[in-house]
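Here's the structure, in structure tokens; my notes come after.
First the proteins, then the strands, lettered A, B, ... as listed; each starts at 1.
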Amino acid sequence: NAGVTQTPKFQVLKTGQSMTLQCAQDMNHEYMSWYRQDPGMGLRLIHYSVGAGITDQGEVPNGYNVSRSTTEDFPLRLLSAAPSQTSVYFCASSYSRTVDTEAFFGQGTRLTVV
Amino acid sequence: GENVEQHPSTLSVQEGDSAVIKCTYSDSASNYFPWYKQELGKGPQLIIDIRSNVGEKKDQRIAVTLNKTAKHFSLHITETQPEDSAVYFCAASSAPSGDYKLSFGAGTTVTVRA
């Protein structure tokens with residue numbers, strides 16, 4: 001079982017560049033989300049989706065866009081990268097939109113903006 | 001929104017001793033409290049969870065307790081082993097604006113000394 005797959009694993013960007021972090025799940029989960037992990041701050045929710053065609057903002061959405069055209073895919077776009085976006089990004093999916101079931105996480109993307 | 005605080009931020013224990021991590025939450029409507037373990041270079045993985053209608057749950061060497069009145073919950077690991085060394089996150093599920101979201105604590109780095 002592939003579970004949640006994130007690509008790339010590592011990325012270095014220059015300030016002002018744009019890029020898309022890919023996330024795909026093969027478990028037919030309704031709920032998908034993106035988090036960023038920074039030292040001493042835990043995991044903070046960027047954007048989430050409760051189903052295809054539905055997305056909403058989390059705690060730290062500025063500078064990021066998402067779309068959910070299929071159940072399987074939930075890409076995260078950085079519009080104009082800034083050094084403050086240097087972080088480890090995790091995609092997660094859950095069976096239930098009430099988030100009271102296990103969230104499955106990808107392996108993460110380590111992003112450095114210089 | 002929900003605010004989850006986690007203590008301590010680091011914990012060093014002798015192999016065979018117990019480890020306890022404590023979390024508090026702010027939203028009295030939160031009803032699902034999972035714990036995740038993150039090993040180096042990997043995404044978080046669910047190790048145990050508890051729902052608001054239960055006060056305690058055990059799974060082998062791991063137990064979680066919940067005090068809804070005081071709005072705090074704790075993770076207990078007994079007979080610690082070197083493979084328990086990892087970062088542990090608590091989380092709480094709430095729906096401040098209709099959709100449920102997971103809010104995470106800042107994490108506890110547990111080191112088990114051989």
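B:F89 and B:I62 end up in different hydrophobic clusters when Ile, Leu, Val, Met, Phe, Trp and Tyr side chains are linked at under 4.5 Å. Placement of B:I77 and B:L46 in two distinct hydrophobic clusters is found when ILVMFWY residues are connected by side-chain heavy-atom separations under 4.5 Å, directly or transitively. When the side chains of ILVMFWY residues are joined at heavy-atom separations under 4.5 Å, either directly or via intervening members, A:L45 and A:V88 end up in a single hydrophobic cluster. Residue B:L66 is grouped with residue B:V64 when hydrophobic side chains (ILVMFWY) are merged at heavy-atom distances under 4.5 angstrom, including chains of intermediate members. A:L13 and A:L21 fall within a single hydrophobic cluster, where Ile, Leu, Val, Met, Phe, Trp and Tyr are joined by side-chain heavy atoms under 4.5 Å apart, directly or via other members.
For A:L43, the parts sitting under 4.5 Å from any heavy atom of chain B are the backbone and the side chain alike. With a 4.5 angstrom heavy-atom cutoff, B:P34 does not touch chain A via any of its atoms.
Atom CD of residue B:Q38 and atom CZ of residue A:F105 lie 8.5 Å apart, to the nearest 0.5 angstrom. With values rounded to the nearest 0.5 angstrom, B:F104 atom CZ is found 14.5 Å from A:M41 atom CE.
Ranked by heavy-atom pairs under 4.5 Å with chain B, the list A:C91, A:G106, A:A92, A:G42 is led by A:G42. Ranked by non-hydrogen atom pairs under 4.5 Å with chain B, the options A:Q6, A:K9, A:Q37, A:R110 are led by A:Q37.
The interface of residues 67-76 of chain B with chain A, defined by heavy-atom distances below 4.5 Å, is empty. Scanning residues 58-84 of chain A against chain B with a 4.5 Å heavy-atom cutoff picks out nothing at all.
Side-chain contact between A:Y48 and B:K101: present, with at least one pair of heavy atoms (C-beta onward) separated by less than 4.5 Å. In this structure, the side chains of A:Y35 and B:L102 come closer than 4.5 Å at one or more pairs of heavy atoms.
Counting non-hydrogen atoms of other residues, nucleotides and ligands closer than 6.0 Å to CD of B:Q81 gives a total above 12. Atom CD of B:E79 sits in a sparse spot, with 12 or fewer heavy atoms from other residues, nucleotides or ligands closer than 6.0 Å. Around the CZ atom of A:R44, the shell of radius 6.0 Å holds more than 12 heavy atoms that belong to other residues, nucleotides or ligands. The environment of B:E83 atom CD is dense: over 12 non-hydrogen atoms of other residues, nucleotides or ligands sit within 6.0 angstrom.
The two residues B:Y32 and A:E102 come nearest to each other via the heavy atoms OH-N, 4.0 Å. The shortest heavy-atom contact between B:Y36 and A:A103 is OH-N, 3.0 Å. Of all heavy-atom pairs spanning A:G40 and B:A106, the tightest one is O-CB, 3.5 Å.
Between B:Y100 and A:Y31, the ring center distance fails the sub-6.0 Å criterion.
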